[in-house]
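First the structure, in the form of structure tokens, and then the observations on it.
A quick note: this is a predicted structure, and the numbers were derived from the prediction, not measured.
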Amino acid sequence: MGTEIERKFLVLNDAWRQSARPGVRFRQGYFAGPRRASIRIRIEGEAANINIKSATLGIHRQEYEYPIPLSDAEEMLETLCEKPLIEKTRYWVPCGGHIWEVDVFEGDNAGLVVAEVELDRIDAPVKPPEWVGEEVSGDPRYYNVSLVTHPYREWGTDGG
């Protein structure tokens, strides 16, 4: 079984950019359907994949990911996935023995910047860098699948 152990945090400032590797633009969309799992199509640079992730809250979830043809991904994003699509640039930042993934969102989620760190076990120690703020791992609003139906730009209008 594939698993993901990931903690997610808000980003306080741009200090992470000093150590960041070049970013890669992502476009991704989600299929509508049962909420036991999210099914995502993602284009990451010039590569594409389909991802299935359990819909459980928290830092530990089942995850399966497989490569697919880029042309298939583009067609599915345009014709089958819910809108708006998630658009972001991901940067990888080595810090404290981990590689942090910083996502700078665009489009309907512009203004949102989050940092994620993947771990090999649930109780793995993590010392967040100084540019990392509040942990939002258990807040479903910050899950990409939620940002499709409730984009960040709308949060201020209804208490988000």
Side-chain angles (χ1 to χ4, degrees), residues 1-21 23-44 49-66 81-82 84-160:
M1 169 177 36
T3 59
E4 172 188 65
I5 302 171
E6 176 181 83
R7 292 178 62 188
K8 187 180 297 234
F9 299 82
L10 297 179
V11 173
L12 297 173
N13 57 50
D14 284 343
W16 59 271
R17 290 185 183 273
Q18 297 170 11
S19 303
R21 297 177 183 157
V24 174
R25 185 158 158 54
F26 284 37
R27 282 186 36 202
Q28 63 192 49
Y30 292 85
F31 293 102
R35 292 295 168 203
R36 293 183 64 183
S38 66
I39 302 172
R40 171 186 78 201
I41 300 298
R42 174 185 278 170
I43 296 175
E44 179 179 338
N49 58 55
I50 186 167
N51 173 283
I52 303 156
K53 192 180 291 191
S54 63
T56 52
L57 291 176
I59 67 171
H60 183 264
R61 300 190 283 172
Q62 290 174 267
E63 181 179 34
Y64 306 89
E65 188 166 84
Y66 308 97
C81 291
E82 296 291 313
L85 297 176
I86 299 295
E87 301 172 273
K88 62 186 179 182
T89 300
R90 174 166 288 171
Y91 300 87
W92 291 268
V93 185
C95 188
H98 297 284
I99 303 294
W100 290 78
E101 297 173 346
V102 177
D103 288 341
V104 179
F105 288 85
E106 304 162 23
D108 287 357
N109 292 294
L112 179 61
V113 182
V114 297
E116 300 173 348
V117 61
E118 290 201 17
L119 305 169
D120 56 1
R121 60 182 209 278
I122 292 174
D123 61 349
V126 175
K127 183 178 187 295
E130 71 284 344
W131 43 266
V132 165
E134 175 187 357
E135 183 167 4
V136 293
S137 299
D139 189 336
R141 294 178 303 165
Y142 293 95
Y143 289 12
N144 285 301
V145 69
S146 297
L147 292 171
V148 171
T149 56
H150 198 61
Y152 184 68
R153 70 174 167 84
E154 296 176 357
W155 290 14
T157 61
D158 63 5

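- Using a 4.5 Å cut-off on side-chain heavy atoms (C-beta onward), Leu10 and Val114 make contact.
- Contact record, Arg7 with Val126: NH1-CB, 3.8 Å, taken as the closest heavy-atom pair.
- Closest approach of Ile86 to Asn144, counting heavy atoms only: CD1-O, 3.6 Å.
- In plain terms, the two heavy atoms of Val132 and Pro128 that are nearest each other are CG1-CB, 3.7 Å.
- The distance from atom CD of Glu6 to atom CD1 of Ile59, rounded to the nearest 0.5 Å, is 9.5 Å.
- Note: Trp100 and His98 have perpendicular aromatic rings, judged against thresholds of 30 and 60 degrees for the angle between ring planes.
- Here the NE2-OG distance, from His60 to Ser54, works out to 8.5 Å after rounding to the nearest 0.5 Å.
- The distance from atom CD of Glu87 to atom CD of Gln28, rounded to the nearest 0.5 Å, is 10.5 Å.
- Looking at Arg21 and Pro94, their side chains come closer than 4.5 Å, going by heavy atoms from C-beta outward.
- Between the CZ atom in Arg61 and the CD1 atom in Ile52 there is a gap of 13.5 Å [rounded to 0.5 Å].
- Between atom CD of residue Glu63 and atom CZ of residue Arg40 there is a gap of 6.5 Å, rounded to the nearest 0.5 Å.
- Taking the six-membered ring where tryptophan is involved, the planes of Tyr91 and Trp16 are tilted, since the angle between them lies from 30° to 60°.
- Arg42 places none of its side-chain heavy atoms less than 4.5 Å from the side chain of Asn51.
- Residues Thr149 and Tyr30 fail the side-chain proximity criterion, which asks for heavy atoms closer than 4.5 Å.
- Ser146 is not listed as a side-chain neighbour of Arg141, based on a closest heavy-atom distance of 4.5 Å or more.
- Using a cut-off of 4.0 Å between Lys/Arg side-chain N and Asp/Glu carboxylate O, Glu44 and Arg90 are scored as not salt-bridged.
- Trp155 is not listed as a side-chain neighbour of Asn109, based on a closest heavy-atom distance of 4.5 Å or more.
- Across every non-hydrogen atom of Gly133 and Phe9, the tightest pair is O-CD2, 3.5 Å.
- The structure places CH2 of Trp131 at 11.0 Å from CG of Asp14, a figure rounded to the nearest 0.5 Å.
- Checked options Glu118, Glu135, Glu116; the residue passing with Lys8 is Glu116 (criterion: salt bridge (Lys or Arg N to Asp or Glu O under 4.0 Å)).
- Between Trp92 and Phe26, the ring-plane angle classifies as tilted under the 30° and 60° cut-offs.
- Between Asp139 and Glu134, every side-chain heavy-atom pair lies at or beyond the 4.5 Å cut-off.
- Glu65 places none of its side-chain heavy atoms less than 4.5 Å from the side chain of Lys53.
- Between Ala110 and Tyr152, the shortest heavy-atom contact is O-CD2, 3.5 Å.
- Scanning both residues, Leu85 and Gly29, for their nearest heavy atoms gives CD2-CA, 3.8 Å.
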- [ ] Dump the intermediate steps for side-chain contact (heavy atoms from CB on, under 4.5 Å) on Arg17 and Val104, then the final yes or no.
- [x] CA-CA 11 Å; Arg17 290 185 183 273; Val104 179; 4.2 Å; yes
